[in-house]
Amino acid sequence: CYMLTAAADIQGDRIEYMVRGWGRDYESWLIDFKIFYGNPEQSEVWEQLNGYLMTLYERETGEMMNVKICFIDSGDRPYINSIYKFTRDKKRRRIYASKDGHGWNRAIISRPTANNTYKAPLFTIGVDSGKEIVQSRLQIKEPGAGYMHFNNKADEEYFKQLTAEKIEIVTMPNGQKRRQWKKVRDRNEALDLECYAYAALEVMKPNWNRLARDFNDERQKLLEEYKNIANEELELKQEIPVQQIILNMKDETQISRGIN
């Protein structure tokens with residue numbers, strides 16, 4: 001893959017975080033999934049996420065990759081100010097707040113606004129069409145364009161959440177029929193994360209030919225950039241450790257995707 005995007009979903013006692021790698025024609029790989037436990041109104045859990053967002057992923061061939069953009073869902077109203085406070089100074093790292101936008105004709109991503117107390121950029125994601133695209137890609141059986149790879153970070157619960165919603169047709173009082181999403185399971189965090197990570201890719205509008213050509217020249221530049229960012233972070237009192245993780249792009253999971 002040539003680019004990594006990330007997404008975070010805020011819950012009452014935790015932050016769920018995932019990274020997806022992207023190749024040509026939207027073929028993609030689940031790279032990382034992690035849960036940070038803590039109260040989102042307190043700084044500790046945000047410090048954990050901030051540090052982890054600095055992770056460098058090393059391919060088996062030695063190339064270094066970082067997360068190019070991350071969306072953090074601000075839909076959980078009790079924590080919206082915490083999200084804005086966290087993201088407001090992170091435009092350089094492309095860490096943004098996002099919110100759901102409904103409507104089947106809505107674009108997958110809209111131009112950001114900053115109409116909040118913290119002046120933090122806020123992207124609106126067309127989640128109705130975004131989730132439909134994610135679930136349609138799950139139907140693809142062979143690697144190639146649009147195929148979604150999963151490694152052992154995705155357990156049975158992850159796939160249950162990924163398929164926790166379905167489209168149903170409802171009849172409105174005026175007799176018109178409308179499509180809408182209906183939950184078939186309570187928890188759907190994985191589906192939301194996958195949708196947000198895809199929307200983040202659309203913000204980047206990657207040039208795959210250029211990325212393939214320049215990929216090997218990025219390693220040293222990336223290490224120096226991350227060291228500078230780690231030292232400049234205002235929110236933390238100490239340096240952010242730049243950790244490296246071996247990129248796992250093997251389809252290791254033996255669990256069914258839950259797609260017929």
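We number each residue from 1, following the sequence as shown.
Closest heavy-atom contact between T124 and D100: CG2-C, 4.3 Å. Nearest heavy-atom pair across Y79 and Q11 is CE1-O, 4.1 Å. The heavy-atom pair separating A114 from K119 by the smallest distance is O-CD, 3.6 Å. Between T163 and V184, the closest heavy-atom pair is O-CG2, 3.7 Å. The heavy-atom pair separating S129 from G126 by the smallest distance is OG-O, 3.3 Å. Heavy-atom minimum distance, S74 versus I83: CA-CD1, 3.5 Å.
By the 4.5 Å heavy-atom criterion applied to side chains, T117 and Y84 are not counted as neighbours. By the 4.5 Å heavy-atom criterion applied to side chains, K99 and L122 are counted as neighbours. Within the 4.5 Å cutoff, no side-chain heavy atoms of R179 are placed close to those of E168.
L30 and I35 fall within the same hydrophobic cluster, where Ile, Leu, Val, Met, Phe, Trp and Tyr residues are linked whenever their side-chain heavy atoms come under 4.5 Å apart, directly or through other members. Residues W104 and V127 fall into different hydrophobic clusters, defined by Ile, Leu, Val, Met, Phe, Trp and Tyr side chains chained together at heavy-atom separations under 4.5 Å. Residues I167 and I140 do not share a hydrophobic cluster, clusters being chains of Ile/Leu/Val/Met/Phe/Trp/Tyr side chains in contact below 4.5 Å. Residue I133 is grouped with residue M3 when hydrophobic side chains (ILVMFWY) are merged at heavy-atom distances under 4.5 angstrom, including chains of intermediate members. A continuous path of Ile, Leu, Val, Met, Phe, Trp and Tyr side chains, each step under 4.5 Å between heavy atoms, connects M18 with Y37, placing both in one hydrophobic cluster.
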- Quick one: do W46 and S82 satisfy side chain to side chain contact (heavy atoms under 4.5 Å, CB included)? Show the steps, please. CA-CA 9 Å; W46 292 105; S82 296; 3.9 Å; yes
- Task: Under the side-chain hydrogen bond (donor to acceptor under 3.5 Å, both in side chains) rule, what do Y52 and D32 come out as? Steps first, then yes or no, please.
- Result: CA-CA 11 Å; Y52 203 78; D32 204 355; 2.6 Å; yes
- Item | side chain to side chain contact (heavy atoms under 4.5 Å, CB included) evaluation trace for L191 with V134 | CA-CA 8 Å; L191 179 58; V134 169; 4.1 Å; yes
- Task: I would like to know whether T5 and W22 meet side-chain hydrogen bond (donor to acceptor under 3.5 Å, both in side chains); could you show each step before the answer?
- Result: CA-CA 8 Å; T5 67; W22 299 91; 2.9 Å; yes
- Message: The test is side chain to side chain contact (heavy atoms under 4.5 Å, CB included); show your working for V45 and N39 and say whether it passes.
- Response: CA-CA 7 Å; V45 70; N39 186 335; over 6 Å; no
- Dump the intermediate steps for salt bridge (Lys or Arg N to Asp or Glu O under 4.0 Å) on R14 and E189, then the final yes or no. CA-CA 12 Å; R14 67 193 184 279; E189 292 97 306; 2.7 Å; yes
- Audit row: I69, Y96, side chain to side chain contact (heavy atoms under 4.5 Å, CB included) steps and yes/no: CA-CA 8 Å; I69 181 172; Y96 301 117; 4.0 Å; yes
- Task: Under the salt bridge (Lys or Arg N to Asp or Glu O under 4.0 Å) rule, what do E132 and R137 come out as? Steps first, then yes or no, please.
- Result: CA-CA 9 Å; E132 186 176 27; R137 289 174 180 165; over 6 Å; no
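Distance alone, capped at 3.5 Å, is enough to place a donor-acceptor pair between the D128 side chain and the G103 backbone.
Here the CZ atom belonging to F86 is positioned 4.5 Å from the CG atom belonging to N50, to the nearest 0.5 angstrom. Expressed to the nearest 0.5 Å, how far CG of L162 lies from CZ of F150 amounts to 5.0 Å. Taken to the nearest 0.5 Å, the CD1 atom of I72 stands 8.0 Å off from the NZ atom of K90. Note that CZ of R93 is 10.0 Å distant from CG of N66, once rounded to the nearest 0.5 Å. With rounding to the nearest 0.5 angstrom, the SG atom of C1 is 11.0 Å from the OH atom of Y57. Between T87 atom OG1 and I95 atom CD1 the span is 9.0 Å, to the nearest 0.5 Å.
Note on residues 190-205: pairs passing salt bridge (Lys or Arg N to Asp or Glu O under 4.0 Å), not counting sequence neighbours, are R20-E194, K131-D192.
The hydrophobic cluster around V170 extends to M172, counting ILVMFWY residues whose side-chain heavy atoms fall within less than 4.5 Å of a member.
Dense packing is recorded around CG of D13, with more than 12 heavy atoms of other residues, nucleotides or ligands lying under 6.0 Å away. Counting non-hydrogen atoms of neighbouring residues, nucleotides and ligands closer than 6.0 angstrom, the NZ atom of K166 reaches no more than 12 such neighbours.
For the pair K160 and Y158, the cation-pi test (distance below 6.0 Å, angle within 45°) is failed. A cation-pi arrangement is absent between R94 and F71 under the rule of less than 6.0 angstrom and at most 45 degrees off the ring axis.
A donor and an acceptor atom, one from each side chain of Q176 and R178, are nowhere located under 3.5 Å apart. Side-chain contact check for R24 and N209: at least one donor-acceptor pair (N or O, by modelled atom type) lies under 3.5 Å. Looking at Q161 and E157, their side chains do bring a donor and an acceptor atom within 3.5 Å of each other.
The aromatic rings of H149 and W29 sit parallel, their planes meeting at an angle under 30°, below the 60° perpendicular limit.
Aromatic ring centroids of Y17 and F33 lie 6.0 Å or more apart. In this structure, Y26 has its ring center at least 6.0 angstrom away from the ring center of Y147.
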